[in-house]
Protein chains: 2
Amino acid sequence: MLVSQKISTRRNQIMAVSLQMMRKLGYQGTSMREIASALNIEAASLYNHISNKEEILKVTCFGMGNQLLLGMNEVNDIYFNAVEKIKMLVKNHIRVLTTDLNAGWVFIHEWRNLSETSRLDFIALRDRYENGIIEILQQGENEGVFNEVNNKFAALTLLSSLNWIVEWYKPGGNMSPDEVAEKLTDFILSGLKKD
Amino acid sequence: MLVSQKISTRRNQIMAVSLQMMRKLGYQGTSMREIASALNIEAASLYNHISNKEEILKVTCFGMGNQLLLGMNEVNDIYFNAVEKIKMLVKNHIRVLTTDLNAGWVFIHEWRNLSETSRLDFIALRDRYENGIIEILQQGENEGVFNEVNNKFAALTLLSSLNWIVEWYKPGGNMSPDEVAEKLTDFILSGLKKD
DNA sequence: CCTACCGATCGGTAGG
DNA sequence: CCTACCGATCGGTAGG
């Protein structure tokens, strides 16, 4: 029991260090030797805790993706009208991305480096999320509260502003994740123009 | 004259092939040998036309960046009110990114791989563009046509939807760059909600 | 967790 | 534009 806890802790350290380096240097720009060196061990020792470099990426991308999908399911189960759903979805999305910004950044940028089969799985997962957003927008149209727009286009634009947050969000800054979510929702719902 | 034209053409071929591969595999994932192989020459021969791998990235990132800044200067010279400025800026931004989507993609994603000094220059250039947008938003506020918002935040959100286009735009699809720009402007100005 | 090592590949240069 | 090559580095394994 103690042993497996130790291993698990080491694994967590490896994950944390890897994601930090990958955010700075990219997946391909981060070597196993550098990860090991940051932990004061040899590269070969990493393989006692993870099976290979790609596992780091796979666990991160699918972990984040599943968190987003879980949030979406929850939103659809609990909230009734489209505006409420969008608000909750945005809040969850920002929370998931900012809870571990290194993981969020890698999730957004580095999934392309997944091997062929994993990449296809990831794209399928992402498409499910995207389609869920399209459905909410459609619901809003049906309710008569959203403008009639190209929902696919609107969903992509919405997602772009949600995902871009990993580029500029500073955890120690003057906006909490929920405040960001609130401002973003206002922007998405009302736009720049004064009524 | 003929010789220099030949060289220049070869250089353009190298640029085009490189950007296509880098869009698919990333800057670090694209090797000089693979670029050469796609042109049926040896890797060493590339160095008669470009000085090194980074030059491809540098020319692309600063070329695109300068195009965006030029467009912004033009907009500020010609258009008077903020709504008109935003419309024109968005149109120019989308045009620049979609004219060569490979270059657009590399510009948006791969500038991080620039060497230290170039990267700092690039960030400075990007900040100038960002500040230009903030100024237009401020002008719109002063004119009383835009909501009072955090302009920095609004500028980043605006930029996110402009830049995300390199992720999903399909040149052969059913929207021209100018149509995308128009829809995007509507979205940014008016948001999702029905008035 | 380490030593020792593998085959492969990298960006780039010398010299023609 | 090529041949021949450089030193460096990569992800990963064998065996302890």
Side-chain angles (χ1 to χ4, degrees), chain A residues 2-22 24-61 106 110-119, chain B residues 2-22 24-61 106 110-119:
Chain A
L2 219 161
V3 171
S4 83
Q5 273 188 354
K6 254 189 182 168
I7 288 175
S8 150
T9 298
R10 201 40 145 175
R11 189 183 153 100
N12 290 343
Q13 289 177 340
I14 293 171
M15 288 298 296
V17 164
S18 300
L19 294 177
Q20 187 183 16
M21 298 184 67
M22 286 176 186
K24 209 182 167 197
L25 305 167
Y27 175 75
Q28 294 182 76
T30 302
S31 71
M32 297 303 272
R33 275 160 183 79
E34 285 170 317
I35 293 169
S37 169
L39 292 163
N40 288 312
I41 57 176
E42 296 299 318
S45 304
L46 293 172
Y47 294 89
N48 288 298
H49 306 286
I50 56 168
S51 51
N52 50 46
K53 190 183 179 186
E54 201 199 351
E55 194 191 350
I56 301 170
L57 188 58
K58 225 155 40 176
V59 166
T60 303
C61 291
V106 170
E110 302 296 328
W111 60 267
R112 286 161 215 276
N113 294 298
L114 289 168
S115 62
E116 180 72 6
T117 46
S118 290
R119 204 175 66 251
Chain B
L2 218 160
V3 172
S4 82
Q5 274 190 352
K6 253 189 184 168
I7 288 174
S8 151
T9 299
R10 200 41 144 176
R11 189 182 152 98
N12 290 343
Q13 288 176 340
I14 292 170
M15 288 300 296
V17 164
S18 299
L19 294 177
Q20 187 183 17
M21 296 183 69
M22 286 175 185
K24 208 182 168 197
L25 304 167
Y27 175 75
Q28 295 183 75
T30 302
S31 71
M32 297 304 272
R33 277 159 181 79
E34 285 170 318
I35 293 170
S37 169
L39 292 163
N40 288 314
I41 58 177
E42 295 300 317
S45 305
L46 293 171
Y47 295 89
N48 288 298
H49 307 285
I50 57 169
S51 51
N52 50 45
K53 190 183 178 186
E54 200 199 351
E55 195 190 351
I56 301 169
L57 188 59
K58 226 153 43 174
V59 166
T60 304
C61 290
V106 169
E110 302 296 330
W111 61 268
R112 285 163 215 276
N113 294 297
L114 289 168
S115 62
E116 180 72 5
T117 47
S118 291
R119 203 175 65 251

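Naming convention: chains lettered A, B, ... in sequence-line order (proteins, then strands); numbering from 1 in each chain.
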- request: Using the side-chain contact (heavy atoms from CB on, under 4.5 Å) rule, take A:Y27 and A:E54 through it: C-alpha gap first, then chi angles, then the decisive distance, then the call.
  value: CA-CA 9 Å; A:Y27 175 75; A:E54 201 199 351; 3.8 Å; yes
task: May I have the step-by-step check of side-chain contact (heavy atoms from CB on, under 4.5 Å) for A:R10 and A:L39, ending in yes or no?
output: CA-CA 9 Å; A:R10 201 40 145 175; A:L39 292 163; 4.1 Å; yes
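Phosphate proximity of C:dC1 to A:R10: present, with a side-chain N or O under 4.0 Å from OP1 or OP2. The side chain of A:S31 places no N or O atom within less than 4.0 Å of a non-bridging phosphate oxygen (OP1 or OP2) of D:dT9.
Nearest to the side-chain atoms of B:A44 among the listed nucleotides C:dG11, C:dC5, D:dC2 stands D:dC2. Here the side chain of A:H49 is nearest to one of D:dG12, C:dT13, C:dC1, namely C:dC1. The side chain of A:S45 approaches C:dC1 more closely than any other nucleotide in the set C:dG12, C:dC1, D:dG12.
A residue-by-residue look at A:G29 and B:A43 shows that B:A43 has its nearest nucleotide of DNA chain D further toward the 5' end.
For the pair A:R119 and A:E116, the salt-bridge criterion is met [side-chain N within less than 4.0 Å of a carboxylate O].
Between A:N52 atom CG and D:dT13 atom P the separation is 8 Å, expressed in whole Å. Across the protein-nucleic acid pair, A:I14 atom CD1 and D:dG12 atom C1' stand 15 Å apart, rounded to whole Å. One atom, CE of A:M32, and another, P of C:dC1, lie 14 Å apart when rounded to the nearest Å. Here the C1' atom of nucleotide C:dC1 and the CD1 atom of A:I50 are 14 Å apart, to the nearest Å. As a whole-Å value, the separation of A:N48 CG from D:dT13 P is 12 Å. Rounded to whole Å, atom P of C:dA8 lies 16 Å from atom CD of B:E34. Between the CD atom of A:E42 and the P atom of D:dG12 there is a distance of 17 Å, rounded to whole Å. As a whole-Å value, the separation of B:L46 CG from C:dT13 C1' is 14 Å.
Taken from CD1 in B:I50 to CD1 in B:I56, the straight-line distance is 3.5 Å, to the nearest 0.5 Å.
Checking each of B:N113, B:T60, B:V106 against B:M22 for a side chain to side chain contact (heavy atoms under 4.5 Å, CB included) leaves exactly one that passes, namely B:V106.
The nucleotide D:dG15 finds its pairing partner in C:dC2, both defining distances of the Watson-Crick or G-U wobble pair being shorter than 3.5 Å.
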